[in-house]
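Read through the structure below, which is laid out as structure tokens, and then see the notes.
Note: hydrogens, waters and symmetry copies are ignored here, and every other heavy atom, side chains too, is used. These numbers come from a predicted model, not from an experiment.
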Amino acid sequence: MNNNIRWYRSLYLGREAQNKKNIWEKLEDGFHPRLYLLVLPSNRVNVLELLPQPVLSQSHYRKLPLYVVGAAWTKTEAMELAGELVMEAYRATGKTNVAAYLGDDFLEHPEFSGRDPYRKWEPESAKGGNSKDVM
């Protein structure tokens with residue numbers, strides 16, 4: 001596995017990927033073509049990148065630092081999750097800059113706190129650029 005992966009502390013997960021430990025184990029075990037990671041972009045054009053797990057073994061990705069913000073079990077689920085994340089960032093800040101919205105709360109290994117993996121927010125609190133997480 002790529003040793004340059006950093007995990008967002010409040011990892012976003014698709015419905016089928018609710019078990020964070022399962023995601024970590026699958027990445028450690030090897031080849032899983034249905035597993036997709038949502039990663040902050042490596043360029044200034046993209047908002048997010050959706051990477052199928054097998055590409056992490058390519059030499060190009062082994063050299064790059066990857067900032068994983070979410071995981072899903074299918075491409076469709078990954079696209080839906082990316083859309084939800086972009087809309088959350090837009091509602092909270094008025095911009096689609098997901099990296100700026102999430103900040104720099106990344107870890108070398110994912111946390112397994114057992115709390116609800118979805119970050120929920122109240123639309124009323126997003127007015128004025130102030131987002132409030134409700135757990």
Does [X] reach the side chain of [Y], with side-chain heavy atoms less than 4.5 Å apart?
X      : Y     : value
Asp105 : Tyr8  : yes
Arg15  : Glu80 : yes
Asn97  : Val47 : no
Leu85  : Val69 : yes
Leu38  : Val68 : no
Glu16  : Arg34 : yes
Asn43  : Glu49 : yes
Leu50  : Leu37 : no

Atom pair [atom1] ([X]) and [atom2] ([Y]), whose distance is rounded to the nearest 0.5 Å:
X      : Y     : atom1 : atom2 : result
Leu13  : Trp73 : CG    : CH2   : 11.0 Å
Glu88  : Thr93 : CD    : OG1   : 10.0 Å
Asp104 : Tyr67 : CG    : OH    : 9.5 Å

Nearest non-hydrogen partners of Tyr61 and Leu51, listed with the distance: OH-CD2, 3.6 Å
Using every non-hydrogen atom in the two residues, find where Tyr36 and Ala78 come nearest and quote the distance to one decimal.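 Minimum heavy-atom contact is CB-CB, 3.7 Å.
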Given the rule in the side-chain contact (heavy atoms from CB on, under 4.5 Å) test, do Glu77 and Leu81 qualify, once you have shown the distances and angles that lead to the verdict? CA-CA 6 Å; Glu77 186 177 73; Leu81 187 61; 5.5 Å; no
Test Leu56 against Ile5 for side-chain contact (heavy atoms from CB on, under 4.5 Å), laying out the working first. CA-CA 10 Å; Leu56 298 179; Ile5 292 179; 4.1 Å; yes
Distance alone, cut at 3.5 Å: any donor-acceptor contact between the side chains of Tyr12 and Glu84? no
Taking CZ in Phe106 as the centre, count heavy atoms belonging to other residues, nucleotides or ligands within less than 6.0 Å. Is the count above 12?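 Correct, the count exceeds 12.
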Taking a hydrophobic cluster as the set of Ile, Leu, Val, Met, Phe, Trp and Tyr residues connected by side-chain heavy atoms closer than 4.5 Å, whether directly or through intermediates, do Met79 and Leu40 fall within one such cluster? yes
